[in-house]
K.L.:
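Questions regarding the structure given below will be posed in turn.
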Amino acid sequence: MMHRISSFCFVLLLSGIVSADDPPEFQWRSVEIDKIEIGYGLQLADVNGDGKTDIILADKKTFQWYENPGWEKHVLAKDLTERDNVCIAARDINGDGKCEIAVGGQWNYRDSIKDGAVFYLDPPADRRQPWTPIKLHNDPSTHRMHWVRGPDDEYFLHVKPLRGRGSVDGNGNGLRVLEYTVPQDVQQAWPIDVVCDFMHLSHNFHIVNWDEDEEEEILVAGKEGVWHFDRDQDGWQPTRLTKNFAGEIRDGKLPGGKRFIATVEPKHGNVAAAYTEPDQSGELWQPCPVLDDKIKDGHAVACADYLGVGSDQVIVGWRAMNDPGIPGIKLFTPLDETGSKWRETQISTDKIAVEDIKVADLDGDGQVDIVAAARQTKNLVILFNETVK
């Protein structure tokens, strides 16, 4: 029997039906850990310092975390604002093995004048108990936030609105990406600088570290395309990477090591796209063949090596809310070094209407797992990676 199987595979290889270099297909086990209201934002970090990656969620009226491995829910804070919560940032910024958390709320999709809120959550000794909210300055339409590493291993809170103050449908003032410096006493005023102020309708942004220093840079996606911002002695310097209106942005490496970025276009769009780094600096990034142009209300991208092949693949999630239809999650695998060929794998359909996706190794088996917070289906789901290497 073993001889016949080997001979059959050899014939397939010669005929070109399969390749010895084809990456494996993604295999997963889906576990729903909670019913939620919306699931606006996710982060994965160690909350209590036990060395395990926990799940942290911004839901409609509560911010909460789920303790690995049993996924017991602990509420961090609730009812901080009259309107909905919208985003969360969680990262260990002082090296004690436990994450610091900031959150955003008072979400109003259309408003660009008055709504929005930013809080730092001060942890109690027992992090399973409620945390103390400290209100910080905010621009209107608070939408996304990250802790970003700067000079001398100091971390800053970056907060990005969706819209510029007083702007309407992307016309008017540009939005301000704000950088908050953490004071020694977190109850005191947090100094604020402006990273950029010229972009419009920016749905998401992403941390990268593409150069040789330890300081991180950011990618911002918006109406003006994708821009890379790098800090130097004169402030944050912008470089345009793409022109198309982009809503989501992440980065990865192709087979062979060439860098790529993955997007959803436009904001809440129907196109999953990828671009490769140009051969010469200063040029726009080169588009790959469109990964998919039939997603509905695309709302999340996550790049990682889910297959354990030494290069990255792209997860895209959509919710099919504004453009009604069937929601889903797909995995796109590059099959060559240039990004000219990709394989599509359907991960989920109507069971997970994706609002946000984050990825990390949750169970310590060395494989990257997927966490999805879903809006219309109102569930929080882990897709445990069980790909056979």
Side-chain angles (χ1 to χ4, degrees), residues 26-34 36 39-59 62-77 87-103 121 123-124 126-129 131 144-149 153 155 157 204 206-209 216 250-252 300-308 312-315 317 329 331 347-348 352 354-374 379-387 389:
F26 184 67
Q27 304 293 325
W28 69 95
R29 174 173 54 92
S30 178
V31 177
E32 182 177 288
I33 66 169
D34 199 10
I36 60 177
Y40 276 109
L42 280 167
Q43 292 294 336
L44 306 181
D46 186 351
V47 177
N48 57 356
D50 64 357
K52 297 181 178 68
T53 299
D54 305 302
I55 299 171
I56 308 140
L57 178 73
D59 206 2
T62 57
F63 297 101
Q64 58 221 35
W65 68 284
Y66 299 83
E67 187 173 355
N68 190 341
W71 311 116
E72 180 183 358
K73 179 167 66 176
H74 309 288
V75 175
L76 297 159
C87 58
I88 191 162
R91 191 171 183 182
D92 178 10
I93 68 172
N94 60 15
D96 67 353
K98 295 176 282 190
C99 70
E100 280 65 46
I101 296 177
V103 298
L121 299 185
D126 180 358
R127 289 181 164 226
R128 296 180 178 90
Q129 300 303 312
W131 296 31
R144 293 290 184 265
M145 54 175 52
H146 287 295
W147 295 105
V148 179
R149 187 173 64 237
D153 206 31
Y155 285 81
L157 179 64
N204 217 329
H206 175 56
I207 303 169
V208 296
N209 190 359
E216 293 173 333
R250 295 291 186 267
D251 76 312
V301 174
C303 298
D305 185 7
Y306 308 98
L307 306 181
D312 294 325
Q313 304 87 49
V314 180
I315 285 284
I329 303 171
L331 172 71
I347 304 298
S348 175
I352 307 175
V354 172
E355 187 72 11
D356 196 14
I357 281 176
K358 293 293 186 295
V359 300
D361 179 7
L362 297 181
D363 53 9
D365 66 353
Q367 299 193 100
V368 179
D369 307 303
I370 301 166
V371 183
N379 50 352
L380 180 63
V381 180
I382 302 174
L383 303 175
F384 285 103
N385 189 343
E386 298 189 342
T387 303
K389 295 183 181 179

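Every value quoted in this text rests on a predicted model; they were computed, and no experiment measured them. When a residue number appears, it is its place in the shown sequence, counting from 1.
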K.L.:
Counting C-beta onward and ignoring hydrogens, is there a side-chain heavy-atom pair between I382 and I55 closer than 4.5 Å?
P.N.:
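The answer is yes; the side chains approach within 4.5 Å.
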K.L.:
For the CD1 atom of I352 and the OG atom of S30, what is their distance to the nearest 0.5 Å?
P.N.:
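Rounded to the nearest 0.5 Å, the CD1-OG separation comes out at 5.0 Å.
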K.L.:
Looking only at non-hydrogen atoms, find the nearest pair between A89 and W147 and report the distance.
P.N.:
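Closest pair (atom of A89, atom of W147, distance): O-NE1, 3.4 Å.
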K.L.:
If only atom types and distance count, is the side chain of W65 paired as donor or acceptor with the main-chain N or O of R127 below 3.5 Å?
P.N.:
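Checked: pair present.
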K.L.:
May I ask you to decide if K52's main-chain N or O and D50's side chain share a donor-acceptor pair within less than 3.5 Å?
P.N.:
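Looks like yes, one N/O pair under 3.5 Å.
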K.L.:
I'd like to know if the side chain of D356 and the backbone of A373 have a donor-acceptor N/O pair within less than 3.5 Å.
P.N.:
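Not at all, since once roles are kept as given, no pair shorter than 3.5 Å links the two residues.
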K.L.:
At their closest point, which heavy atom of A45 faces which heavy atom of A90, and how far apart are they?
P.N.:
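In this case the closest contact between A45 and A90 is CB-O, 4.0 Å.
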K.L.:
Could you tell me whether the side chains of Q367 and D361 share a donor-acceptor contact shorter than 3.5 Å?
P.N.:
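No pair is found: no donor N or O on one side chain lies under 3.5 Å from an acceptor on the other.
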K.L.:
I would like to know whether V368 and D305 meet side chain to side chain contact (heavy atoms under 4.5 Å, CB included); could you show each step before the answer?
P.N.:
CA-CA 7 Å; V368 179; D305 185 7; 5.6 Å; no
K.L.:
Verify side chain to side chain contact (heavy atoms under 4.5 Å, CB included) between L42 and L380, making sure each step is shown before the conclusion.
P.N.:
CA-CA 10 Å; L42 280 167; L380 180 63; 3.8 Å; yes
K.L.:
Under a 4.5 Å cut-off applied to non-hydrogen side-chain atoms, are Y66 and K73 in contact?
P.N.:
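Yes, their side chains come closer than 4.5 Å.
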K.L.:
So, the side chain of D312 versus the backbone of C303: is there a donor-acceptor pair under 3.5 Å, distance only?
P.N.:
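Such a contact is absent between D312 side chain and C303 backbone.
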K.L.:
State whether the side chain of N68 and the backbone N or O of L362 hold a donor-acceptor pair below 3.5 Å, judged by distance alone.
P.N.:
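It does hold such a pair.
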K.L.:
Could you give me the CA-CA distance, side-chain angles and deciding distance for R91 and R149, then say whether side chain to side chain contact (heavy atoms under 4.5 Å, CB included) is met?
P.N.:
CA-CA 10 Å; R91 191 171 183 182; R149 187 173 64 237; 3.7 Å; yes
K.L.:
Do E100 and D92 come within less than 4.5 Å of each other through their side chains, counting heavy atoms only?
P.N.:
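Result yes, sub-4.5 Å side-chain heavy-atom pair found.
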K.L.:
Is T387 reaching over with its side chain to a backbone N or O of Q27, donor-acceptor style, under 3.5 angstrom?
P.N.:
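Yes; at least one donor-acceptor contact below 3.5 Å.
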K.L.:
Go through the steps for L57 and I88 under the test side chain to side chain contact (heavy atoms under 4.5 Å, CB included), then give the verdict.
P.N.:
CA-CA 7 Å; L57 178 73; I88 191 162; over 6 Å; no
K.L.:
Please find the pair of heavy atoms, one from A302 and one from I357, that lie closest to each other, and give the distance.
P.N.:
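Taking every non-hydrogen atom into account, CB-CG2, 3.9 Å.
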K.L.:
From the options T62, N379, D59, select the one residue that forms a side-chain contact (heavy atoms from CB on, under 4.5 Å) with I36.
P.N.:
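Single pass found, and it is D59.
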K.L.:
Quick one: does Q313's side chain have a donor or acceptor within less than 3.5 Å of a partner on L307's backbone?
P.N.:
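Such a contact is found between Q313 side chain and L307 backbone.
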K.L.:
In Å and rounded to the nearest 0.5 Å, what is the CD1 to CD1 distance from I101 to I56?
P.N.:
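Answer rounded to 0.5 Å: 5.0 Å.
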K.L.:
Do N204 and R250 come close enough that some side-chain heavy atom pair is under 4.5 Å?
P.N.:
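N204 vs R250: side chains touch.
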K.L.:
Using atom types as modelled and distance alone, determine if a side-chain donor or acceptor of E216 lies under 3.5 Å from a backbone N or O of I207.
P.N.:
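Looks like no, no N/O pair under 3.5 Å.
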K.L.:
Salt bridge (Lys or Arg N to Asp or Glu O under 4.0 Å) for R128 and E67? Distances and angles first, verdict last.
P.N.:
CA-CA 9 Å; R128 296 180 178 90; E67 187 173 355; 2.6 Å; yes
K.L.:
Which atom names give the shortest non-hydrogen contact between H206 and V208, and what distance separates them?
P.N.:
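Taking every non-hydrogen atom into account, CD2-CG1, 3.6 Å.
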K.L.:
Give the ring-plane orientation class for Y306 versus F26, where under 30° counts as parallel, over 60° as perpendicular and anything between as tilted.
P.N.:
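Geometry flag for F26 against Y306: perpendicular rings.
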K.L.:
Is there a side-chain contact between W71 and D34, using heavy atoms and a 4.5 Å cut-off?
P.N.:
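The answer is no; the side chains never approach within 4.5 Å.
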K.L.:
So do D46 and D54 actually touch side chain to side chain, heavy atoms under 4.5 Å?
P.N.:
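Yes, side chains in contact.
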K.L.:
Taking all heavy atoms of D369 and all of N385, pick out the closest pair and write down the distance.
P.N.:
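So the minimum-distance heavy-atom pair works out to OD1-N, 2.7 Å.
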K.L.:
Identify the heavy atoms of C87 and F63 that sit nearest to each other, and give their distance.
P.N.:
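Smallest interatomic distance, heavy atoms only, reads O-CE2, 3.5 Å.
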